[in-house]
2 protein chains.
Amino acid sequence: MATLREIAELASVSVATASRVLNGSAEKHPVSQDVRASVRAAADTLGYTPSATAQALKQQRSKIIGVIASDILDPYFAEMTRGIEIEAAKFGYVTILANANRDPEQERTKFRVLREHQVSGIVFCGSDIEGSPGTAQLAREVNLAVRAGTRVVALAPRGFDSTKIVIDNAATAYELTQYMLSLGHRKIAFIGGIPGLSAAEQRIVGYRDAMFEAQAPAQVLGLTGMSQESGKRAAEELTASTQLPDAIVCTNDEVAVGVLAHLWTAGYKIPEDVSVAGIGGTRGGAVFGLTTMTLPLVELGGLAARYIATAGGSSDVPAPPSFELHIGSTSAPRGQSD
Amino acid sequence: MATLREIAELASVSVATASRVLNGSAEKHPVSQDVRASVRAAADTLGYTPSATAQALKQQRSKIIGVIASDILDPYFAEMTRGIEIEAAKFGYVTILANANRDPEQERTKFRVLREHQVSGIVFCGSDIEGSPGTAQLAREVNLAVRAGTRVVALAPRGFDSTKIVIDNAATAYELTQYMLSLGHRKIAFIGGIPGLSAAEQRIVGYRDAMFEAQAPAQVLGLTGMSQESGKRAAEELTASTQLPDAIVCTNDEVAVGVLAHLWTAGYKIPEDVSVAGIGGTRGGAVFGLTTMTLPLVELGGLAARYIATAGGSSDVPAPPSFELHIGSTSAPRGQSD
DNA sequence: TTGTAGGCGTTATCAG
DNA sequence: CTGATAACGCCTACAA
């Protein structure tokens, strides 16, 4: 790896000058055209690659954004991650990805490792599990770090004092449920979630509120996860019971896809037999024509990245972009559903 | 951020000593118990976090593994990425994730950026697109880097001289096709791929070989991508034609899911009307009971990570783990299919 | 317009 | 057993 000094020697200039032309300060600091050219040439022949490590050490801040995701296999987080990465790249930043499996212990470990790498900021993609033992501990450490100047952004409800760019989860479920009600459905079940998982709990609240207002009976089941697999299991449970509901609102697209998988293979017709919807608007549901609340996941990630990358400048906390209902082919008015 | 010097002062020892107890050399280099204790205490009260940056600068190598993935939204790569991350963490390594969208230009850029960060190694998850303009250029740069000592591992066919841990793609398709033939199917279509994409091309070769040997007519279509969406489109095309084949072999699970999505919504019965299979064994297909060739994606990623992390030690190139047929509920003997 | 020099936090080499 | 001290590669006042 060619170093700055080597290319400085080859170009017969000082490292300072070499540094100036090879890095941003070229415009800020005057350097003659001749020198510029020769330095560039030297850098070229030696195949110079600046050491981000050295730069980071010097400037006390690496151009790295740390990302702590709950489950990179879930499109929900994959899309956020992607949004972060794309926007970060625009600012010359790179992202370190850490999976934490929704385990506070792992989150704590990853958080620490990320800090060791002097990242400019850390993004938490998923929400926390309230009441879980490690959660409080994590919150304490994060709060400490935040007070010490580390930029931390949460893209989902979190119990620590970081910057937050989060969607109104209750509202997503509320509006989605209202839509189902507007189709004439009364018996609407809610499927999916994990006890204590803030985002999931909030969606349940939104669902219950809408059902309560409509004086329709609420039924929540399948609080065994956010995955396709758990959606499938819940659907199996549902079809095993005597009556299918008019409609099913799922906590996310993954669960919805799992529900669809079971229903289709079991011979049900969607939306004739039952309407199904998810939340997220991820690529996962698109191919099935899933009715869903489309959340701006990529944008959300992008906002977090930009916020961190532009730490010095205008760093007002951006407002979360809004979501919207996407009506697919898995939902239909009650008339057609019976 | 507490520095080594600060904690050294607090503990009234030299930074050298502090460094020794706070880092691995504690065992290697003798340090008295008393001193150890006081240093640990000081580090604790000051909340010391080592600077991975400084360590990397000093040791000319950061504990970072760079990952260049084609599409993090594709479970195929997401699983590899996950495997890399998990194994890397075991060695105290962290992974920088870079998406390249199968674009050689982007791959080149990301490759460079990764090198700037002094990563210990770089993993290419996807295969290249032969004939694409940027591919040769990328190969040149990678070869240069490899010769300069950078550890590069490809987990899919690539036209540069890196370490390779790759599955026999032709064999996966060959065996899968043979399985379909063994079920009594004759008219078997192959769906999915991208012209020039090495891995996809090899799978087509395997498929053709099996069909040729069985003297069955080969039909390849839908070379428009590796996504669910493209699988769906191809299936639409297929059902628009007069006759459905006996079975469909897809280039990957994503395409297979897309095919299933269309078939189900169009009212077909699987596997009664047609058998469907994918390649990958990703979580995406699991919930649908998809018949597929299960590839050890997570393990593959793990091997790459381990190979890079243990650069100093026994670094024989690991052999790719083997794949195996997973028979799901989307395939059935011909008798039942007609 | 260019050069000199100090130091970012660590580790490693040498002395004590 | 412990402590100075010199780098690692780069940036940035401060001089020239």
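Order of the sequence lines sets the chain letters (A, B, ...), proteins ahead of strands, with each chain counted from 1. Just so it is clear, the model here is predicted, and its values are computed rather than measured.
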Report the distance from atom [atom1] of [X] to atom [atom2] of [N], rounded to the nearest whole Å.
X: A:E116; N: C:dG9; atom1: CD; atom2: C1'; result: 13 Å
X: B:K63; N: C:dT11; atom1: NZ; atom2: P; result: 11 Å
X: B:H117; N: D:dG9; atom1: NE2; atom2: P; result: 17 Å
X: B:L22; N: C:dT10; atom1: CG; atom2: P; result: 9 Å
X: A:R5; N: C:dT4; atom1: CZ; atom2: P; result: 13 Å
X: A:R115; N: C:dG9; atom1: CZ; atom2: P; result: 14 Å

Under 4.0 angstrom between [X] side-chain N/O and [N] OP1 or OP2:
X: A:T17; N: C:dT1; answer: no
X: B:Q60; N: D:dG9; answer: yes
X: A:Q33; N: C:dT1; answer: no

query = B:H29 side chain: which of D:dT2, D:dC10, C:dG9 is closest?
reply =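 Taking heavy atoms from C-beta onward, the closest nucleotide is D:dT2.
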task = State which residues pass salt bridge (charged side-chain N to carboxylate O under 4.0 Å, His left out) with A:K90; sequence neighbours excluded, sorted by chain then number.
result =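 With sequence neighbours excluded, A:K90 shows a salt bridge (charged side-chain N to carboxylate O under 4.0 Å, His left out) to A:E87, given in chain and number order.
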Any residue meeting salt bridge (charged side-chain N to carboxylate O under 4.0 Å, His left out) with A:R112, in chain and number order, not counting sequence neighbours =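 Residues passing salt bridge (charged side-chain N to carboxylate O under 4.0 Å, His left out) with A:R112: A:E141.
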Pairs under 3.5 Å (N/O, protein and nucleotides 11-13 of chain D):
residue	atom	partner	partner atom	Å
D:dC11	OP1	A:N23	ND2	2.5
D:dC11	OP1	A:Q55	NE2	2.7
D:dC11	OP2	A:S19	OG	2.8
D:dC11	OP2	A:N23	ND2	3.3
D:dC11	O2	A:K58	NZ	3.3

task = Between B:S14 and B:L57, just flag the one whose closest nucleotide in DNA chain D comes earlier from the 5' side.
result =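 Looking at DNA chain D, the more 5' nearest nucleotide goes with B:S14.
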request  = Check the pair A:T163, A:R151 against side chain to side chain contact (heavy atoms under 4.5 Å, CB included), reporting the backbone distance first and the verdict last.
outcome  = CA-CA 8 Å; A:T163 295; A:R151 290 218 153 197; over 6 Å; no
message = Taking side chain to side chain contact (heavy atoms under 4.5 Å, CB included) as the definition, give me every residue that meets it alongside B:T95, ordered by chain and number, with sequence neighbours left out.
response =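 Counting only residues at least two positions away or on another chain, B:T95 forms a side chain to side chain contact (heavy atoms under 4.5 Å, CB included) with B:I65, B:V67, B:I84, B:E85, B:A88.
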query = Got a sec, which residues hit side chain to side chain contact (heavy atoms under 4.5 Å, CB included) with B:P321, two or more places apart in sequence or on another chain?
reply =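 Testing B:P321 for side chain to side chain contact (heavy atoms under 4.5 Å, CB included), a comparison that skips the adjacent residues, returns B:P296, B:E299, B:L300, B:L303.
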ask   = Can we say A:E107 and A:K110 salt-bridge, meaning some charged N sits less than 4.0 Å from an Asp/Glu carboxylate O?
value =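 No salt bridge links A:E107 with A:K110.
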query = Which pairs with one or both residues in residues 115-130 of chain B pass salt bridge (charged side-chain N to carboxylate O under 4.0 Å, His left out), sequence neighbours excluded?
reply =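 Of all non-adjacent pairs touching residues 115-130 of chain B, none passes salt bridge (charged side-chain N to carboxylate O under 4.0 Å, His left out).
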